[in-house]
Amino acid sequence: MLKHNFIAQLGEYLHYRFETIREKAPLKQLAEKEAVIQKLEIQLETIKETIRKQ
């Protein structure tokens with residue numbers, strides 16, 4: 001039995017980037033966590049501004 005992905009090799013040769021299902025899940029989680037971090041950073045800046053004004 002052959003265990004080589006010829007389609008993936010061809011994609012690499014042609015510089016075509018694709019993502020497998022296993023690669024997509026962690027990337028989606030990373031994007032979601034980055035969005036949460038961005039929201040928290042905005043909230044933190046808002047709190048800092050509020051404290052400075054008091």
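Note: hydrogens, waters and symmetry copies are ignored here, and every other heavy atom, side chains too, is used.
- For residues 44-54, the side chain to side chain donor-acceptor pair (under 3.5 Å) pairs, not counting sequence neighbours, are Glu49-Arg52.
- Around the CD atom of Gln38, the shell of radius 6.0 Å holds no more than 12 heavy atoms that belong to other residues, nucleotides or ligands.
- The distance from atom CD1 of Ile37 to atom CG of Leu44, rounded to the nearest 0.5 Å, is 12.5 Å.
- The CD atom of Gln43 sits 9.0 Å away from atom NZ of Lys39, with the distance rounded to the nearest 0.5 Å.
- Contact of the Ile47 side chain with the Ile51 side chain is registered, since non-hydrogen atoms from C-beta on lie closer than 4.5 Å.
- Between Glu32 and Val36 the shortest side-chain heavy-atom distance does not fall below 4.5 Å.
- Within the model, atoms CD of Gln9 and CG of Leu14 stand 10.5 Å from one another, a figure rounded to the nearest 0.5 Å.
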